[in-house]
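One is the number of the first residue; the rest follow in order along the sequence.
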Amino acid sequence: MRDDGTLDDPYAPSSPTADTEDGTSTERTTAATRLRAYARDLTGRRRAQLALATGVVCCLGLTAVVQVRNEDADAATRSGSLSSSELAQRAEQQRASRSLDRTVVPSASAAAQSAAASPADPDTSAPARKVAPVRPTDPAPVAGLDEDQMENAEAIVRTGRKMGVPRRGLVIAVATAMQESNLYNVASGVLPESQDYPHQGVGWDHDSVGLFQQRSSSGWGPVGQLMDPEFATRQFLSALEQVPGWQRMRLTDAAQAVQVSAYPEHYQQHEWRATRVVDAIVPAGR
């Protein structure tokens, strides 16, 4: 410290110089020298710091390499200690894990749920059995008829529908059979031949047979065929369709035009019952 209380400059000259041109030149030379020395010192410090940092990085990299090599050596040591079967099993597991992104194998529970959710595939090993068509249930007897009478009425209606006869013709046919044979398939006591065929009673009105009491001698057909309800119905309805305007006639007039009975008005009393029977066999709208 100087006497005036200021700090000494470490780079100041050891002895004061006079304020002359020579003194000033000397001071300038000394200042430049100090600056160069300071710059060299600073550069040296920076180089030392850079070298130190480089050394630290190299050490860290060397440590990481040594650690990786140690891990590889440990893995190799462990692999060497495994048996060949275990190594093969591990290799197979690795291949399976790599193929998971391409093939998904459902678990047992998932497969069971899928099978329960979707119907089983049909078994094509055995031939499919033919299912017989279900026969419509016969309607119960109506209008005071019994089972035999209702079956005969069904035969009349079924035959008429096959022929394409309108509903009105079915009612006329059933009412006519109600009057002629009380809806039974009747054989004739005069024609023993007629009794050789299925029948539900025997009548004695000349040689009249069947549901409509048709006579073979009048050209209605062979006795054996007239005993068949379907054939007898075809014969009656075919004759009815030949009557001009039969659909607009009263039921009794249309039936009489075919039967030529001694009691022409008796057919009319059966119209309501015949209508109810046809409705039971073929509901309205069908």
Side-chain angles (χ1 to χ4, degrees), residues 138-139 141-143 145-146 148-188 190-191 193-195 197-282 286:
D138 295 333
V142 296
L145 302 183
D146 60 23
D148 291 337
Q149 291 172 307
M150 194 68 181
E151 288 180 4
N152 290 331
E154 287 183 59
I156 294 172
V157 173
R158 182 171 58 251
T159 302
R161 284 172 62 83
K162 288 180 181 179
M163 297 174 62
V165 176
R167 195 181 193 88
R168 176 64 174 172
L170 305 180
V171 174
I172 294 174
V174 171
T176 300
M178 286 180 173
Q179 173 61 30
E180 294 290 350
S181 64
N182 198 21
L183 267 178
Y184 289 115
N185 193 23
V186 180
S188 173
V190 178
L191 294 174
E193 177 190 355
S194 64
Q195 300 177 32
Y197 300 95
H199 58 280
Q200 297 163 328
V202 177
W204 297 92
D205 183 11
H206 304 289
D207 57 348
S208 301
V209 296
L211 291 175
F212 297 91
Q213 290 293 283
Q214 295 158 330
R215 301 176 66 179
S216 178
S217 60
S218 299
W220 284 100
V223 175
Q225 288 183 316
L226 292 176
M227 292 297 296
D228 176 20
E230 182 174 348
F231 179 84
T233 301
R234 285 184 176 275
Q235 293 295 85
F236 174 83
L237 291 176
S238 295
L240 177 65
E241 290 182 319
Q242 299 300 318
V243 177
W246 66 270
Q247 296 189 52
R248 295 185 299 274
M249 294 180 179
R250 292 191 307 154
L251 182 146
T252 192
D253 294 338
Q256 174 63 13
V258 176
Q259 296 297 102
V260 191
S261 170
Y263 307 99
E265 291 294 328
H266 288 183
Y267 299 107
Q268 190 64 40
Q269 62 182 326
H270 304 290
E271 182 171 6
W272 73 270
R273 295 177 66 219
T275 301
R276 186 176 177 187
V277 170
V278 171
D279 289 343
I281 299 172
V282 184
R286 292 180 55 185

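For Ile172 against Ala254, the heavy-atom pair with the smallest separation is CD1-CB, 3.9 Å. Taking every heavy atom of both residues into account, Glu241 and Val165 meet most closely at OE2-CG2, 3.6 Å. Heavy atoms only, all atoms of each residue included: Val186 and Gly203 are closest at CG1-N, 3.2 Å. When all heavy atoms of Leu211 and Leu183 are compared, the closest pair comes out as CD2-C, 4.0 Å. The minimum heavy-atom distance linking Met249 with Pro244 is given by the pair CE-O, 3.3 Å. Val277 and Ala143 make their closest contact through CG2-CB, 4.1 Å (heavy atoms, listed as atom of the first residue, atom of the second, distance).
Applying the ring-ring contact (aromatic ring centres under 6.0 Å, His included) test to every pair with at least one member in residues 218-252, sequence neighbours left out, gives these pairs: Phe212-Phe236. Applying the ring-ring contact (aromatic ring centres under 6.0 Å, His included) test to pairs two or more places apart or on separate chains, none has a residue in residues 157-182.
Judged as a side chain to side chain contact (heavy atoms under 4.5 Å, CB included), and not counting sequence neighbours, the contacts of Glu193 are Tyr197, Val223.
Here the CD-CG distance, from Gln235 to Leu226, works out to 7.0 Å after rounding to the nearest 0.5 Å. Atoms NE2 and OG, on His206 and Ser188 in that order, are 10.0 Å from each other to the nearest 0.5 Å. Distance check: Asp253 CG to Arg250 CZ gives 4.0 Å after rounding to the nearest 0.5 Å. Rounded to the nearest 0.5 Å, atoms NE2 (His266) and CD (Gln256) are 10.5 Å apart. Ile281 contributes atom CD1, which lies 8.5 Å from atom CD1 of Ile156 (distance to the nearest 0.5 angstrom). Between Gln213 atom CD and Gln259 atom CD the span is 9.5 Å, to the nearest 0.5 Å.
The closest donor-acceptor contact from the side chain of Gln214 to the backbone of Ala232 lies under 3.5 Å. Of the possible donor and acceptor atoms, none in the side chain of Ser261 sits under 3.5 Å from a partner among the backbone N and O of Pro264. Although no hydrogens or angles enter the test, the distance criterion places no donor-acceptor pair under 3.5 Å between the side chain of Thr159 and the main chain of Arg234. Arg167 places a side-chain N or O within donor-acceptor distance of the main-chain N or O of Val282, the cut-off being under 3.5 Å.
Between Gln200 and the options Asn182, Asn185, Asn152, a side-chain hydrogen bond (donor to acceptor under 3.5 Å, both in side chains) holds for only Asn152. With respect to Asp207, the side-chain hydrogen bond (donor to acceptor under 3.5 Å, both in side chains) criterion is satisfied by exactly one of Ser194, Ser218, Ser217: Ser217.
Between the side chains of Glu265 and Gln268, not a single donor N or O lies within less than 3.5 Å of an accepting N or O. Under 3.5 Å, the side chains of Tyr263 and Gln179 contain no donor-acceptor pair of N or O atoms.
In this structure the side chain of Glu180 never reaches within 4.5 angstrom of the side chain of Asp205, judged on heavy atoms. With contacts defined as side-chain heavy-atom distances shorter than 4.5 Å, the pair Tyr267/Val258 does not qualify. Residues Gln149 and Pro141 are not in side-chain contact: their nearest non-hydrogen atoms beyond the backbone lie 4.5 Å or more apart. Using a 4.5 Å cut-off on side-chain heavy atoms (C-beta onward), Arg273 and Leu145 make contact.
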Candidate pair Met163 and Thr233, rule side-chain contact (heavy atoms from CB on, under 4.5 Å), full reasoning
CA-CA 10 Å; Met163 297 174 62; Thr233 301; 5.7 Å; no
In sequence, state the C-alpha distance, the side-chain angles, and the governing distance for Asp138 and Glu151, and then conclude on side-chain contact (heavy atoms from CB on, under 4.5 Å).
CA-CA 8 Å; Asp138 295 333; Glu151 288 180 4; 5.5 Å; no
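A salt bridge links Arg168 with Glu271: at least one charged nitrogen is closer than 4.0 Å to a carboxylate oxygen.
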